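From a predicted model like this one, the values you see are computed outputs, not experimental measurements.
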Amino acid sequence: MKCIIGLGNPGKKYEQTRHNVGFMVIDKLAEELNIEVTDRKFKCDYGIGIHNGQKVMLVKPQTFMNLSGEGVRPLADYYNIELEDIIVLYDDLDLPLGKLRLRGKGTGGGHNGMKSLNQHLGSEKYKRIRIGIDRPDDGMTVVKYVLSKFRKDEQPLLEKVIDRTTDASSSFINEPFEEVMTEFNGDVDG
């Protein structure tokens, strides 16, 4: 089974914030793949379905971002999901809005959700899509920025980013990841 995990913070207060772009992609994927993300186990909301003959699980951890691994690890263990079948979608301050970076493994960098996943999974060897959200303007703290909503002028590009990340995630289900990286790495408009 392929497992696509979108990172974010639970609750209405955090909906549509920069830190929740992973949740936004999972919501779009759920709609496109006709998978209801309504089951709950191990502090995660998830749903299981079939896409092009392949079983797939969509996951939204319901811990706060910094504790994302707490629910993902037991869920992956319960369903016997291998590390090579996991892909994680998350926001990245070091990339501009409109840029995706796909990798087959990596450190958590400065992202606490990824650090938690690495710690709980006991490995950095799972796939990921880093979704650029840009850095805050001078004077705004990183915490305030990542918990802010996208500006109105960013919405058209954000929609393209969500669509492209959704397409990349769908491709991951049935295609070799090297091909997915080649096709989707880079600028959304490029």
Side-chain angles (χ1 to χ4, degrees), residues 2-31 33 35 37 39-47 56-76 79 81 83 85-95 97 99-135 142-150 158 161-170 172-173 177 180 184:
K2 299 289 184 175
C3 182
I4 304 171
I5 302 164
L7 298 189
N9 283 314
K12 285 242 177 256
K13 176 180 177 182
Y14 301 103
E15 285 179 5
Q16 304 302 310
T17 61
R18 294 172 191 277
H19 226 13
N20 276 35
V21 72
F23 276 13
M24 292 179 212
V25 176
I26 293 295
D27 291 342
K28 178 83 175 188
L29 265 170
E31 183 183 313
L33 302 179
I35 297 174
V37 182
D39 293 330
R40 177 161 291 181
K41 192 182 291 286
F42 307 115
K43 303 177 191 172
C44 291
D45 287 351
Y46 71 99
V56 60
M57 175 189 285
L58 304 179
V59 180
K60 291 167 52 173
Q62 295 299 297
T63 57
F64 282 92
M65 179 71 78
N66 298 355
L67 305 174
S68 296
E70 284 184 5
V72 169
R73 174 61 190 260
L75 189 68
Y79 283 101
I81 298 169
L83 282 176
D85 292 324
I86 293 175
I87 192 166
V88 180
L89 321 172
Y90 66 102
D91 60 289
D92 193 319
L93 286 163
D94 293 325
L95 295 174
L97 180 63
K99 192 170 208 67
L100 302 180
R101 180 89 27 91
L102 288 76
R103 294 288 179 259
K105 62 181 178 179
T107 68
H111 197 286
N112 291 328
M114 293 303 289
K115 288 178 185 176
S116 176
L117 282 169
N118 288 346
Q119 176 189 357
H120 286 274
L121 292 173
S123 177
E124 299 172 349
K125 295 180 180 174
Y126 54 89
K127 293 153 189 71
R128 66 229 24 235
I129 301 178
R130 294 167 42 204
I131 304 165
I133 62 167
D134 227 338
R135 285 211 161 262
V142 168
V143 171
K144 188 173 180 180
Y145 180 73
V146 299
L147 297 179
S148 69
K149 296 187 186 300
F150 289 92
L158 174 62
V161 165
I162 291 170
D163 288 346
R164 185 135 172 101
T165 309
T166 299
D167 291 345
S169 301
S170 294
F172 159 75
I173 297 168
F177 193 64
V180 178
F184 292 98

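- Here the shortest heavy-atom pairing between Leu93 and Asp134 reads CD2-O, 3.2 Å.
- The OG atom of Ser170 lies 5.0 Å from the CG atom of Leu33; values are rounded to the nearest 0.5 Å.
- At least one test fails for Lys41 against the ring of Tyr46: distance under 6.0 Å to the centre or angle within 45° of the axis.
- Side-chain N or O atoms of Asp91 include none that pairs as donor or acceptor with a backbone N or O of Val21 at under 3.5 Å.
- Between His19 and His111, the ring-plane angle classifies as tilted under the 30° and 60° cut-offs.
- By the side-chain contact (heavy atoms from CB on, under 4.5 Å) test, Gln16 is found to be paired with Met24, Lys149, residues two or more places apart in sequence or in another chain being considered.
- Annotation: the span from Leu147 atom CG to Lys13 atom NZ amounts to 7.5 Å, rounded to 0.5 Å.
- The line from CZ of Phe177 to CZ of Arg128 is 9.0 Å long, rounded to the nearest 0.5 Å.
- One N or O on the side chain of Ser116 and one on the backbone of Gly69 form a donor-acceptor pair closer than 3.5 Å.
- With salt bridges taken as basic N to acidic carboxylate O contacts below 4.0 Å, none links Arg130 and Asp94.
- Minimum heavy-atom separation, Ile26 to Ile5: CD1-C, 4.1 Å.
- Leu7 and Gly113 get closest at one heavy-atom pair: CD1-C, 4.1 Å.
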> Hey, mind stepping through Lys60 and Asp27 against side-chain contact (heavy atoms from CB on, under 4.5 Å) and telling me if it holds?
Replying inline: CA-CA 9 Å; Lys60 291 167 52 173; Asp27 291 342; 2.7 Å; yes
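- The CG atom of Asp45 lies 4.0 Å from the CD atom of Gln62; values are rounded to the nearest 0.5 Å.
- Ser68 places a side-chain N or O within donor-acceptor distance of the main-chain N or O of Met65, the cut-off being under 3.5 Å.
- The two residues Asn118 and Gly106 have their closest heavy-atom pair at ND2-O, 3.7 Å.
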>> One pair to check against side-chain contact (heavy atoms from CB on, under 4.5 Å): Phe64 and Asn66. What are the steps and the verdict?
In response: CA-CA 6 Å; Phe64 282 92; Asn66 298 355; 5.8 Å; no
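- Checked against side-chain contact (heavy atoms from CB on, under 4.5 Å), Leu121 has the following partners two or more places apart in sequence or in another chain: Val72, Arg73, Leu83, Leu117, Tyr126.
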> Given the rule in the side-chain contact (heavy atoms from CB on, under 4.5 Å) test, do Asp163 and Lys28 qualify, once you have shown the distances and angles that lead to the verdict?
Replying inline: CA-CA 8 Å; Asp163 288 346; Lys28 178 83 175 188; 3.2 Å; yes
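- When all heavy atoms of Ala168 and Phe184 are compared, the pair lying nearest together is CB-CG, 3.5 Å.
- Rounding to the nearest 0.5 Å gives a distance of 9.5 Å between CG of Asn9 and CG of Leu67.
- Remark: Ser169 OG to Ile4 CD1 distance equals 5.0 Å, nearest 0.5 Å.
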>> Working note: Ile86 + Cys3, criterion side-chain contact (heavy atoms from CB on, under 4.5 Å); need CA distance, chi angles, decisive distance, verdict.
In response: CA-CA 5 Å; Ile86 293 175; Cys3 182; 4.2 Å; yes
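- The two residues Pro61 and Gly6 come nearest to each other via the heavy atoms CD-O, 3.2 Å.
- Between Ile131 and Asp92 there is no side-chain heavy-atom pair separated by less than 4.5 Å.
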